[in-house]
Visitor: 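Before anything else, here's the structure in question.
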Amino acid sequence: MPELPEVQTVVDTLASRIVGCTIQSVDLARTDILTPQDCDLCAHLTGRRVESVTRRAKRIVITLDDGNRFYVHLGMSGRLTVELSDAPRPKHTHCVIRFESSELHFADPRRFGGIWWLGKDASNEEELGPEPLTLGARALAARLSRTTRAIKNVLLDQTVIAGLGNIYADEALFESRIHPLRRADRLTNDEVTQLNRAIKRVLRRALKHKGSTLRDYRDANGESGTFQKLHRVYDREGQPCWRCKGPIKRIVLGGRSTHFCPRCQPHIARRMRRAKSKLIHQLCW
DNA sequence: GTCCATGTTCTTTA
DNA sequence: CTAAAGAACATGGA
């Protein structure tokens, strides 16, 4: 569920409430959400103070006062919320970190998320691509030029650009008027520049509205985001396009729903190929 | 019962 | 090697 804007909103709301707090105890209700499995999280955390809460891609990175770090990934349905001491623990609350006068709850029904212990290891992110908000158009162009895959699939590839998910990939392509099936290496320099701007614009707008809540997403205070009301294409199949009023189309790409406006995001090469084969068909028959 | 879902990773197939 | 497609993970809502 959570993409960059949602994760950043959790980080912001979390940091203001737990930085400086000392961990009293840790309850790990199920160990299968922890990587590596054999790590003694309780021993590592108890007595430590939270130094900082930051974001890298879709990961929430927590640094302790002894320099050790771990990160939480929310997967599809994860929540990281700050609750009062001894608050009830709803179903699927897998880990509770207790502070002096509050506690941090990690809940995740689908369990695609989890907690990863990093220790003092500086790496563990060499497989992640650059951050979209600070990525330059030239750097993006260089990365896109190395693959023939459809641009929508490439935007979801965290090793190419890290932090976008299904919602914001669709929204950024609409914003830059690029068809999701266009080959990444065939975008013009101008199109990549537009796409790069669109990505930043969409992410900033979503951040301003504290992310999109489709179902499970909440920030650390339990508040929903509101950006879902401003989606231009995502989950709007058949509804009128914001720009041209034509119907939004939905296709499946890489097993994921992809939403776009066929009129505002034309696929020129594809259209020409179609016209050509139609012409050949007419001439031959 | 069916299908679908904001993510990631692995396997199979071409 | 590249890539697409499918399945897997687990749960709940429509």
Side-chain angles (χ1 to χ4, degrees), chain A residues 1-11 29-37 55-60 71-80 90-94 106-116 124-129 132 143-173 180-186 199 202-203 205-207 209-219 223-238 250-259:
Chain A
M1 148 230 160
E3 306 180 28
L4 188 151
E6 290 78 31
V7 176
Q8 184 65 52
T9 304
V10 172
V11 164
R30 31 186 333 149
T31 52
D32 61 348
I33 58 136
L34 181 63
T35 308
Q37 288 265 354
R55 181 190 59 76
R56 171 67 175 112
K58 298 174 191 172
R59 302 170 177 180
I60 298 159
Y71 74 83
V72 176
H73 196 297
L74 300 176
M76 290 276 255
S77 58
R79 278 188 200 179
L80 206 48
K91 209 173 164 183
H92 307 301
T93 302
H94 307 310
F106 173 64
D108 182 12
R110 291 173 72 178
R111 268 184 282 141
F112 292 171
I115 300 173
W116 279 259
N124 197 286
E125 64 162 59
E126 58 282 324
E127 72 278 16
L128 288 176
R143 301 181 82 80
L144 297 184
S145 70
R146 282 192 254 115
T147 180
T148 63
R149 295 148 73 199
I151 184 63
K152 164 68 188 284
N153 287 337
V154 177
L155 292 180
L156 292 180
D157 185 340
Q158 304 296 299
T159 67
V160 175
I161 180 169
L164 294 180
N166 212 24
I167 297 175
Y168 300 108
D170 281 1
E171 294 295 321
L173 286 173
L181 288 174
R182 289 282 303 283
R183 264 176 64 160
D185 63 341
R186 293 204 178 148
I199 289 169
V202 165
L203 292 178
R205 208 180 292 147
L207 275 165
H209 296 270
K210 311 211 180 248
S212 306
T213 295
L214 301 187
R215 195 216 242 36
D216 300 298
Y217 167 70
R218 299 291 185 281
D219 68 17
E223 308 264 336
S224 297
T226 58
F227 191 66
Q228 67 281 0
K229 296 176 193 163
L230 300 177
H231 291 170
R232 301 296 199 232
V233 286
Y234 184 82
D235 204 20
R236 294 194 65 244
E237 182 184 13
R250 172 183 174 273
I251 59 175
V252 175
L253 235 177
R256 320 286 310 270
S257 283
T258 294
H259 314 77

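Below, chains carry the letters A, B, ... as their sequence lines are ordered, and counting in each starts from 1. Fair warning: this is a prediction, and the values are worked out from it, not measured in the lab.
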Visitor: Taking the P atom in each of C:dA7 and B:dT2, what is the distance between them to the nearest angstrom?
Guide: 15 Å
Visitor: Which whole-number value in Å describes the distance from A:R250 CZ to B:dC3 P?
Guide: 13 Å
Visitor: Counting the atoms with a prime plus P, OP1 and OP2 as sugar-phosphate, which does A:Y168 contact under 4.0 Å by heavy atoms, base, sugar-phosphate, or nothing?
Guide: nothing
Visitor: Counting only side-chain N and O atoms of A:R111, is one of them less than 4.0 Å from OP1 or OP2 of B:dG7?
Guide: no
Visitor: Looking at A:G114 and A:F106, what are the two nearest heavy atoms and their distance?
Guide: N-CZ, 3.6 Å
Visitor: Considering all heavy atoms of both residues, which atom of A:R143 and which atom of A:V160 are nearest to each other, and what is their separation?
Guide: NE-O, 2.7 Å
Visitor: Tabulate protein N/O versus nucleotide N/O from nucleotides 12-14 of chain C, keeping only pairs under 3.5 Å, one per line.
Guide:
| from | atom 1 | to | atom 2 | distance (Å) |
| --- | --- | --- | --- | --- |
| C:dG12 | OP1 | A:K91 | NZ | 3.4 |
| C:dG12 | OP1 | A:H92 | NE2 | 2.8 |
| C:dG13 | O4' | A:R215 | NH2 | 3.1 |

Visitor: With rounding to the closest Å, how many angstrom separate the P atoms on B:dC4 and C:dG6?
Guide: 13 Å
Visitor: Polar atoms only, N or O, under 3.5 Å: list the protein pairs with nucleotides 3-7 of chain C and their distances.
Guide:
| from | atom 1 | to | atom 2 | distance (Å) |
| --- | --- | --- | --- | --- |
| C:dA3 | OP1 | A:T147 | OG1 | 3.1 |
| C:dA3 | OP1 | A:T148 | N | 3.0 |
| C:dA3 | OP1 | A:T148 | OG1 | 3.0 |

Visitor: For A:Q8 and B:dT6, give me the distance from atom CD to atom P, rounded to whole Å.
Guide: 22 Å
Visitor: What are the two closest heavy atoms between A:A29 and A:T93, and how far apart are they?
Guide: CB-O, 3.8 Å
Visitor: Below the 4.0 Å mark, does B:dG7 have OP1 or OP2 next to a side-chain nitrogen or oxygen of A:K58?
Guide: yes
Visitor: Would one find a side-chain N or O of A:Q158 under 4.0 angstrom from OP1 or OP2 of B:dT8?
Guide: yes
Visitor: Give the minimum heavy-atom separation between A:H259 and A:V233, together with the two atoms involved.
Guide: CB-O, 3.2 Å
Visitor: Looking at A:D216 and A:R110, does any basic side-chain N land under 4.0 Å from a carboxylate oxygen?
Guide: no
Visitor: So, do A:T258 and A:L173 sit near enough that their side-chain heavy atoms are less than 4.5 Å apart?
Guide: no
Visitor: Would you say that A:I167 contacts A:L214 through its side chain, given a criterion of any heavy-atom pair below 4.5 Å between the two side chains?
Guide: yes
Visitor: When you measure only distances, ignoring hydrogens and angles, does the side chain of A:R110 come within 3.5 Å of the base of C:dA10 through a donor and an acceptor?
Guide: yes
Visitor: Under 4.0 angstrom, heavy atoms only, what part of the nucleic acid is A:R183 near: base, sugar-phosphate, or nothing?
Guide: nothing
Visitor: What stems involve DNA chain B, if each pair must be Watson-Crick or G-U and both of its distances must be under 3.5 Å, with 3 or more such pairs in a row?
Guide: B:2-5 with C:11-14, B:7-14 with C:2-9
Visitor: Find out whether A:Q158 and A:K58 are in side-chain contact, i.e. whether some heavy atom of one side chain is under 4.5 Å from a heavy atom of the other.
Guide: yes
